[in-house]
Asks: 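I am attaching a structure below and will ask some questions about it afterwards.
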2 protein chains.
Amino acid sequence: MGVVVELNDGAVRVKNPTLRDVAQLAGVSIATASKALNGRDHVHPETRTRVHEAARLISFTPNALAQGLIAGQTGTVGLITGDLDGRFSIPILMGAEDAFGTGKMSVFLCDARGDAIREQYHLQALLSRRVDGLIVVGSTTNPRPSLGSDLPIPVVYAYAPSLDASDISLVADNEQAGSDAAAHLVKRGRIRIAHITGDAGYLAATDRATGVEIELARSGLTLVGGEARYGSWTEDWGRRATQQLLAEHPDVDAILCGSDQIARGALDILREAGKIVPDEIAVMGFDNWEIFTSGARPALTSVDMNLETLGRAAARRLFAAIDGDHSGGIQKLPCRVVVRETT
Amino acid sequence: MGVVVELNDGAVRVKNPTLRDVAQLAGVSIATASKALNGRDHVHPETRTRVHEAARLISFTPNALAQGLIAGQTGTVGLITGDLDGRFSIPILMGAEDAFGTGKMSVFLCDARGDAIREQYHLQALLSRRVDGLIVVGSTTNPRPSLGSDLPIPVVYAYAPSLDASDISLVADNEQAGSDAAAHLVKRGRIRIAHITGDAGYLAATDRATGVEIELARSGLTLVGGEARYGSWTEDWGRRATQQLLAEHPDVDAILCGSDQIARGALDILREAGKIVPDEIAVMGFDNWEIFTSGARPALTSVDMNLETLGRAAARRLFAAIDGDHSGGIQKLPCRVVVRETT
DNA sequence: CTGAAAGCGCTTACAG
DNA sequence: CTGAAAGCGCTTACAG
């Protein structure tokens, strides 16, 4: 029960107001106060008003801990990210936060930094706080170990799927993204298309490349040079690979890059080589990272992986799981091509 | 109390184990089980072992809600950010999450998106969850309205200080950062230094410019063109302003840019103009955003605002406030110059 | 329509 | 050294 602090201006001031204080001030029992505040039936309208007024007067905020203890549900979820640092987590996190926020849920954020020990530590803390569910955001698109199937709460894996197929996973459809990108270039009349991409150890790279080749084959085309050029996700690799590409295949008319950074590197070299983009050669990136696409000359066409949507979808899927829908499997979400000036 | 599910392999399996289950299994009272688990005195060593063993057997995890209800402290804090989107929040958030994590605190993350309504909504939710304290991360370095002084918990403002001087605020020292940057260039022998920076509506821009001018004055220098060139925080502005600068002052020997993006724009133009960096002209940025500094040709010298340290410091300051240290005021944290190839 | 009582899962004096 | 009892702040049958 709260401590009465002042009654200076006639108003009641209570330090840490509890339902007890509200009830007392309204002249009713705690039970009635609870029912009035929670909109339960069988409360006299006048009583209800009086209780609400009392609550307002002393700025009563119900203790969610006590409510959660009774309900067995806390209205909180945990979000464990592999690396906050990596920018891919952020939009997912934003989408999830947004979806939960409107659902009156609060989000515990934990950064595991790709460390399994730290992940276990955070998991334990979240279980102890009795979160209603968990979203695990991977640091790459590569599949990751499951948190286990004997947890007392549902888990949704986002971005990186769980290795356990019975878990619920939501990922971006990288293969489709590759196909969409290639289709866009083909539609623009390009026929000598090269693909410069990142580290072959990333499924994001190989899946996209697969999608690209499938789509090109549909139009009877193949990649310039016969295959995708793997390297790293950097501007520097974009530059080096483009230099090499121009030397080997001066007639290339489009470069599909595995990331916006690689595309920026490509644009730099093309400009220095005197190639006009997009007239002589088209360039395209992945990720649609505004900071890179809009600063480019000309503005860069890119594939947006819709990560914020992914985060929102993960949150909704978790809601469903909390409500009893335990069907597992990997769900792939579509991306979208954002056309700017380079294609 | 938990539901016993199996005793297949002789092991006891309990669904949602509570302290009651642990006590029962160990053959002691709930009170004794509690004391044993919490390392209280006056428990027979053998009893203690038995209780711990029982807890382990059924994977007992104490309910933090119940503990919090009793303790009046929840071991949770709220982190309200102005814009998750803006990349400045992230390092601060990482630093704070790190500091709290090692302090066994869990962090509620809320994204207010610069909307006062949403901020109030989140504040209410956090108060209801009885967080022990709050960190408010601004979206720009400009001062922001206080959350009010009648909150039942301490608040630390990070990045953007509170307008109320009695609040606790931690910010990066932009003026000092400007001075440090200028000092670095002077030490490198530059004497015709220009300053191209962002939107004059940002204190980050004007404070840094002030610091630059103060430091130059110390060496008897003034900015090329007499004043800082304000524009926007973009590569494009960096390009345009540099073009203009070269036209007006072809003898400039250093460009101090207000952000790494602006610096990237400057580097592009210098390269096209045939100016050798850093031999003929030095370039320097702010923010030390790795993605821009390391991709630059040559690699960009920049000022790191130490935001992760800022986040960590904010967390520690909040700990102190929770422990009763209520001294307010704005504390300015130092930045550091990260030297690469452009200076 | 209202309120006394039990209980959510735990901790802490207080007796034994 | 151990345990019965009270209590944290709330909600929900159950009587009145």
Side-chain angles (χ1 to χ4, degrees), chain A residues 1-3 14-52 54-55 58-76 127-132 152, chain B residues 1-3 14-52 54-55 58-76 127-132 152:
Chain A
M1 170 173 188
V3 180
V14 182
K15 186 77 170 183
N16 285 308
T18 72
L19 191 55
R20 192 137 143 34
D21 300 310
V22 175
Q24 191 165 297
L25 188 59
V28 296
S29 73
I30 296 182
T32 298
S34 171
K35 279 177 261 184
L37 253 24
N38 292 308
R40 294 274 169 284
D41 284 346
H42 313 303
V43 176
H44 193 95
E46 206 171 79
T47 311
R48 195 185 295 280
T49 328
R50 204 143 32 86
V51 172
H52 271 111
I58 60 176
S59 303
F60 170 70
T61 307
N63 187 323
L65 297 186
Q67 295 179 316
L69 194 55
I70 294 167
Q73 295 236 324
T74 55
T76 62
L127 289 177
S128 158
R129 300 201 185 284
R130 298 297 189 264
V131 293
D132 297 331
Chain B
M1 170 175 186
V3 180
V14 182
K15 187 75 170 184
N16 285 308
T18 70
L19 191 56
R20 194 142 146 29
D21 300 311
V22 175
Q24 191 166 298
L25 188 60
V28 297
S29 73
I30 296 182
T32 299
S34 171
K35 279 177 262 185
L37 253 23
N38 291 308
R40 292 276 169 285
D41 284 346
H42 312 303
V43 177
H44 193 97
E46 207 171 76
T47 310
R48 195 185 296 280
T49 326
R50 203 141 35 85
V51 172
H52 270 113
I58 60 176
S59 302
F60 170 70
T61 308
N63 187 323
L65 297 187
Q67 295 180 316
L69 195 54
I70 293 168
Q73 293 236 323
T74 56
T76 62
L127 289 177
S128 159
R129 300 202 185 282
R130 298 296 189 264
V131 293
D132 296 333

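Just so it is clear, the values below take in all heavy atoms, side chains as well, and ignore hydrogens, waters and symmetry mates. Throughout, protein chains are lettered first and strands after them, A, B, ... in sequence-line order, and every chain is numbered starting at 1. All values reported here derive from a predicted model rather than from experimental measurement.
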Asks: Which of residues 41-50 of chain A sit near DNA chain D, with a heavy atom under 4.0 Å from it?
Replies: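 Within residues 41-50 of chain A, no residue comes under 4.0 Å of DNA chain D.
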Asks: What is the separation between atom CD1 on Ile70(A) and atom P on dC10(D), rounded to the nearest whole Å?
Replies: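 After rounding, the reported distance stands at 9 Å.
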Asks: Return the value, rounded to whole Å, for the distance between atom CG of Leu69(A) and atom P of dG9(D).
Replies: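 Result: 13 Å.
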Asks: Could you spell out the base pairing of DNA chain C as a dot-bracket line? Use Watson-Crick and G-U wobble contacts where both distances are under 3.5 Å, [ ] for crossing pairs, | for partners on a different strand.
Replies: |||.||||||||.|||
Asks: Tell me the interatomic distance from Asn63(B), atom CG, to dC8(C), atom P, rounded to whole angstroms.
Replies: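 Taking CG of Asn63(B) and P of dC8(C), I get 12 Å after rounding.
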Asks: Using whole Å, report how far CG of Asp21(B) lies from C1' of dC8(C).
Replies: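 Going from Asp21(B) (CG) to dC8(C) (C1'), I get 14 Å.
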Asks: Please report, to 0.1 Å, the donor-acceptor pairs under 3.5 Å made by any side chain of residues 64-75 of chain B, with sequence neighbours excluded.
Replies:
from, atom 1, to, atom 2, distance (Å)
Thr74(B), OG1, Thr76(B), N, 3.4
Thr74(B), OG1, Thr76(B), OG1, 2.8
Thr74(B), OG1, Arg130(B), O, 2.7
Thr74(B), OG1, Asp132(B), OD1, 3.4

Asks: Listed in order of residue number, which residues of residues 27-34 of chain B have a non-hydrogen atom at under 4.0 Å from DNA chain D?
Replies: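 Close to the strand are Val28(B), Ser29(B), Ala31(B), Thr32(B).
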Asks: State which residues pass side-chain hydrogen bond (donor to acceptor under 3.5 Å, both in side chains) with Thr61(A); sequence neighbours excluded, sorted by chain then number.
Replies: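 For Thr61(A), the residues satisfying side-chain hydrogen bond (donor to acceptor under 3.5 Å, both in side chains) (neighbours in sequence not counted) are Gln124(B).
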Asks: Could you state the CD-C1' distance from Gln67(A) to dG9(C), rounded to the nearest angstrom?
Replies: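 Checked: the CD to C1' distance equals 16 Å.
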Asks: Round to the nearest Å and state the distance from Lys35(B) atom NZ to dG3(D) atom C1'.
Replies: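 That distance rounds to 7 Å.
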Asks: dG9(D) P sits how many Å from Asn16(A) CG, rounded?
Replies: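 From Asn16(A) CG to dG9(D) P: 8 Å.
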Asks: In chain order, what residues pass the side-chain contact (heavy atoms from CB on, under 4.5 Å) check against Thr49(A), with sequence neighbours excluded?
Replies: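 Residues passing side-chain contact (heavy atoms from CB on, under 4.5 Å) with Thr49(A): none at all.
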Asks: So, the side chain of Arg129(A) versus the backbone of Leu127(A): is there a donor-acceptor pair under 3.5 Å, distance only?
Replies: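 Checking the backbone N and O of Leu127(A) against the side chain of Arg129(A), no donor-acceptor pair under 3.5 Å is found.
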